[in-house]
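The figures here come from the full heavy-atom set of this structure, side chains too, leaving out hydrogens, waters and symmetry mates. Atoms within a ligand are numbered from 1 in the order they appear, just like the ligands themselves.
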Amino acid sequence: MHVRRKLVAGNWKMNGTRAALGEIAAIAAAARETAGVDVALCPPFTLIPLAAPRAGGVAIGGQDCHQSPSGAHTGNVSAAMLVEAGAKLVIVGHSERRADQHEEDSLVRAKAEAALAAGLQTIVCVGEVEEERIAGSHVDKVLYQLEHSLPELAREAELVVAYEPVWAIGTGRTATPADAAEMHAAIRAALVARFGDAGERIRILYGGSCNGANAAELFKVDQVDGGLVGGASLTAAQFVPIIEAAARS
Ligand code: 13P
């Protein structure tokens with residue numbers, strides 16, 4: 001039986017200016033009072049160096065990195081640059097980047113490898129679209145993404161998988177506990193088949209309209225090791241109850 005410490009990570013997406021730094025300080029203050037759960041926040045790149053010194057035990061991260069260490073890649077940021085800015089983690093392969101920037105599994109894998117090599121905890125996102133769930137191919141789709149997006153070496157201490165059904169992101173619709181249980185069990189089995197015992201230690205987060213009202217139920221599901229939270233991570237008022245739910249579960 002492996003006990004994995006819960007992780008609650010906020011993804012601010014393209015939200016947040018200096019005016020939001022007070023929320024980060026308030027989240028950090030509440031997280032300090034909440035034992036037994038790891039907390040992370042991924043604001044826009046521009047806020048990372050400002051947020052990191054205010055974040056206390058909350059790890060600050062990026063929402064993407066380039067797969068190369070440097071070079072002629074206008075508009076991109078490398079993993080080492082994130083580290084220098086104060087980041088401890090990074091999200092790669094988010095479905096919004098897979099859709100908006102046409103990122104494919106092989107690119108996500110290259111980014112994950114670059115991030116891990118730079119010493120960043122790395123959250124690799126996977127998730128099916130609604131048509132795939134309706135067709136019943138959701139598990140196959142996610143396992144395919146996982147197989148091709150994860151790096152070769154698990155480095156289980158630093159690798160995290162986030163299951164985010166695309167139809168649940170920003171829609172107010174959440175996976176049911178049964179939906180989450182089915183997918184998280186399938187992901188766990190795939191991780192163990194690939195990485196052996198290390199696969200037991202990789203945390204699997206749920207993401208998609210997670211909020212203070214549904215977090216407790218989701219975090220009780222077997223193999224759900226925490227959450228990746230978008231909209232409800234933008235304010236301490238909404239994010240702190242999710243952190244507390246993780247600490248209680
Ligand atoms: P919401 O929590 O806003 O649905 O976003 C989830 C997400 O995409 C986190 O990465």
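Taking the charged nitrogens against the carboxylate oxygens, Asp225 and Arg5 have no contact shorter than 4.0 Å, which rules out a salt bridge. Look at Lys141 and Glu132 and you find a salt bridge, because one of the NZ, NE, NH1 or NH2 atoms lies within 4.0 Å of a carboxylate O, short of that distance. With salt bridges taken as basic N to acidic carboxylate O contacts below 4.0 Å, one links Arg173 and Glu130. Taking the charged nitrogens against the carboxylate oxygens, Arg201 and Asp197 do have a contact shorter than 4.0 Å, which makes a salt bridge.
Checked against a 3.5 angstrom limit, the closest N/O atoms of Thr171 and ligand 1 fall outside it. Looking at ligand 1, you'll find an N or O of Gly230 within less than 3.5 Å of one of its N or O atoms. Checked by distance only, ligand 1 and Val229 stay at 3.5 Å or farther apart across all their nitrogen or oxygen atoms. The distance criterion of under 3.5 Å between nitrogen or oxygen atoms is met by Gly170 with respect to ligand 1.
At least one heavy atom of Ala168 lies less than 4.0 angstrom from ligand 1. No heavy atom of Ala232 sits closer than 4.0 Å to any atom of ligand 1. Heavy atoms of Gly207 stay at 4.0 angstrom or farther from ligand 1.
When the options His94, Gln63, Lys13 are ranked by their closest heavy atom to atom 10 (O) of ligand 1, first place goes to His94.
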Worksheet entry | Working for side chain to side chain contact (heavy atoms under 4.5 Å, CB included), residues Tyr163 and Cys125 | CA-CA 6 Å; Tyr163 167 56; Cys125 301; over 6 Å; no
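Contact annotation for Asn11 and ligand 1: only side-chain heavy atoms (C-beta onward) come within less than 4.0 Å of the ligand.
Contact atoms of ligand 1 toward Gly231: 1 (P), 2 (O), 3 (O) (distance under 4.0 Å to a heavy atom of the residue).
The number of heavy atoms from other shown groups lying within 6.0 Å of OH (Tyr144) does not exceed 12.
In terms of protein heavy atoms, atom 9 (C) of ligand 1 is closest to Glu164 OE2, 2.8 Å.
Using a distance-only test at 3.5 Å, with no hydrogens or angles considered, no donor-acceptor pair links the side chain of Trp12 to the main chain of Gly230.
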